[in-house]
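The structure displayed is predicted, hence computed values, not measured ones.
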Amino acid sequence: MALLEVKDLSVRYKVRTPWFRKQRYLYAVNNISFTLDRGETVGLVGESGCGKSTLGKALVRLETPCSGQILLDGEDLAAATGRKLLQMRKHFQMIFQDPYGSLNPRLTIFSTLDEIISLHRKMPLELRQRKAAELLEMVGLSSDALFRYPHQFSGGQRQRIGIARALAAEPDFIVADEPVSALDVSVQAAIVNLLQDIQQKSNTAILFIAHDLAVVEHISARIMVMYLGNIVECAASAELVSSPHHPYTEALLSAVPTPEGGLSDRIRLTGDVPSPLSPPPGCPFHERCPYAKERCRLEKPELKTDPETLRACACHYPR
């Protein structure tokens, strides 16, 4: 049984509409389904604004789904409220994108970690301090940092503190929302390697959200590709990178620099990403797809999984 099972999850927002007109909605996430096993890392990639962060926030209930299920060990997070949701929160946490804005500047590092430790565990102050020190050492920081403030640390160190905060509740599942995008390239590798080491020790499942396919390929067992609120392809990392089936995935991969420098066979998409307020009929990608046919303009393809290869692709004419 999968640790996390997401079924037909959708998130929408009300759009300000004149009273005499029908209420309009912006669908940020559209009927997404996938599973995540214990100890597995699944990558989620796509352009800015495609709904990646909204999906991640919905999985940890920082956004409220409008429909669908989020089953964590068989219990539905999407339906949980009040005390039940609070009890379930210790099983899932989030690492935020901005290491500068995600830490309260008025709290010491110990206070930041203790908010989580004391919420989920009843223990005396001395033991909580020891636990906080262990968390810092786990992420490569000295326990001397406990009573310092966020402004006294670099961006990479702050992100390590954010990771320590996510680990404080000993969760089964972590959403890492672009945890390295705001960091220097030299620091990114260290943070990615740290996440891998922690996962091996704790067997924590991770949904790794990013727009950098090279980073996602390195850390993930599987990769999901998202476009305009829809998952358009999902496959094992090596298979997806070596042989993309969806034209959008093919275009994303063509933009990844090669080791020799430059880009090889860059596919330049025409037009802009459609507005989620008025998505196009048929395939969401057909207006920018160089291979689109009449069927693509009329009929939206389903995300179908090949029973033999376990690859999934939402395209009428996969590559």
Side-chain angles (χ1 to χ4, degrees), residues 53-54 56-64 72 77 80-184 187-188 190-209:
S53 293
T54 302
K57 290 177 181 178
L59 295 179
V60 296
R61 286 300 305 274
L62 294 180
E63 296 285 355
T64 303
L72 185 64
L77 286 178
T81 56
R83 185 175 295 275
K84 178 64 176 176
L85 180 58
L86 181 61
Q87 291 173 347
M88 296 179 73
R89 282 198 180 278
K90 66 181 179 182
H91 298 293
F92 57 90
Q93 292 293 317
M94 187 165 191
I95 301 169
F96 295 92
Q97 177 178 358
D98 182 8
Y100 297 93
S102 60
L103 299 176
N104 189 329
R106 293 186 173 141
L107 294 182
T108 64
I109 304 310
F110 170 68
S111 297
T112 296
L113 299 178
D114 192 45
E115 281 188 324
I116 308 298
I117 297 170
S118 59
L119 179 64
H120 297 297
R121 295 183 171 198
K122 304 303 178 186
M123 58 175 67
L125 177 61
E126 182 181 351
L127 290 181
R128 299 204 308 271
Q129 287 182 348
R130 189 181 304 170
K131 175 67 175 176
E134 290 174 357
L135 287 167
L136 288 183
E137 290 172 2
M138 187 183 299
V139 297
L141 295 175
S142 168
S143 58
D144 297 340
L146 273 178
F147 297 101
R148 294 163 64 187
Y149 289 86
H151 73 270
Q152 296 175 279
F153 298 90
S154 67
Q157 289 172 323
R158 292 189 201 194
Q159 196 61 289
R160 289 174 184 266
I161 294 167
I163 294 171
R165 178 176 58 185
L167 295 170
E170 298 183 3
D172 300 313
F173 164 57
I174 291 176
V175 173
D177 184 12
E178 304 211 29
V180 298
S181 64
L183 305 176
D184 293 338
V187 181
Q188 290 183 5
I191 297 298
V192 169
N193 291 335
L194 173 63
L195 287 172
Q196 288 181 309
D197 292 341
I198 289 172
Q199 185 181 49
Q200 290 174 0
K201 295 173 182 176
S202 63
N203 203 35
T204 304
I206 298 176
L207 178 68
F208 190 91
I209 301 172

Over all atoms of both residues, closest heavy-atom pair of R160 and A190: NH2-CB, 3.6 Å
Does the R165 side chain pair with the main chain of T112, one donor and one acceptor, at a distance under 3.5 Å? no
Could you tell me if the side chain of Q159 sits less than 4.5 Å from the side chain of I95, heavy atoms only? yes
Within the side chain of Q97, is there an N or O that forms a donor-acceptor pair under 3.5 Å with the backbone of S181? no
Could you give me the CA-CA distance, side-chain angles and deciding distance for V175 and I209, then say whether side chain to side chain contact (heavy atoms under 4.5 Å, CB included) is met? CA-CA 8 Å; V175 173; I209 301 172; 3.9 Å; yes
For L146 and T108, work out which heavy atoms get closest and say how close. O-CB, 3.8 Å
By the ring pair (Phe, Tyr, Trp, His ring centres under 6.0 Å) test, which pairs, at least two apart or in different chains, include something from residues 83-107? none
When you measure from the side chain of Q199 to the backbone of T204, do you find a donor-acceptor pair of N or O atoms at a distance under 3.5 Å? yes
What do the steps show when you test E178 against S53 for side-chain hydrogen bond (donor to acceptor under 3.5 Å, both in side chains), and what is the final call? CA-CA 8 Å; E178 304 211 29; S53 293; 5.0 Å; no
Evaluate the side-chain proximity of I198 to V139: yes if any heavy-atom separation is below 4.5 Å, no if none is. yes
E134/R130 ion pair, N-O < 4.0 Å: no
Are the side chains of L136 and S142 in touch, meaning some heavy atoms are under 4.5 Å apart? no
Set of residues satisfying salt bridge (Lys or Arg N to Asp or Glu O under 4.0 Å) with respect to E63, sequence neighbours excluded: none
Residues M88 and A80: closest non-hydrogen pair is SD-CB, 3.8 Å
With sequence neighbours left out, write down each residue that passes salt bridge (Lys or Arg N to Asp or Glu O under 4.0 Å) with E137, or none if nothing qualifies. none
Where do V60 and Q93 come nearest, in terms of heavy atoms and distance? CG1-O, 3.8 Å
Taking only residues at least two apart or on different chains, which pairs with a member in residues 119-174 satisfy ring pair (Phe, Tyr, Trp, His ring centres under 6.0 Å)? F110-F147
Any side-chain heavy-atom pair from I191 and I163 closer than 4.5 angstrom? yes
Do I161 and P150 have side chains that get closer than 4.5 Å, going by heavy atoms? no
Would L167 and I116 satisfy side chain to side chain contact (heavy atoms under 4.5 Å, CB included), going step by step from the backbone distance to the final call? CA-CA 9 Å; L167 295 170; I116 308 298; over 6 Å; no
Quick one, R121 with K131, criterion side chain to side chain contact (heavy atoms under 4.5 Å, CB included). Give me CA distance, side-chain angles, the key distance, then yes/no. CA-CA 11 Å; R121 295 183 171 198; K131 175 67 175 176; 4.1 Å; yes
If the condition is salt bridge (Lys or Arg N to Asp or Glu O under 4.0 Å), which residues does K90 pass it with, not counting sequence neighbours? none
For A133 versus S143, what's the shortest heavy-atom pair and its separation? CB-CB, 3.7 Å
So the salt bridge (Lys or Arg N to Asp or Glu O under 4.0 Å) pairs with at least one residue in residues 95-115 (sequence neighbours excluded) are D114-R128
Heavy-atom pair with the smallest gap, counting every atom of L195 and P179: CD1-CG, 4.4 Å
Between atom CZ of R158 and atom CD of Q152, what is the distance when rounded to the nearest 0.5 Å? 10.0 Å
Enter the distance from L207:CG to D177:CG here, rounded to the nearest 0.5 Å. 9.0 Å
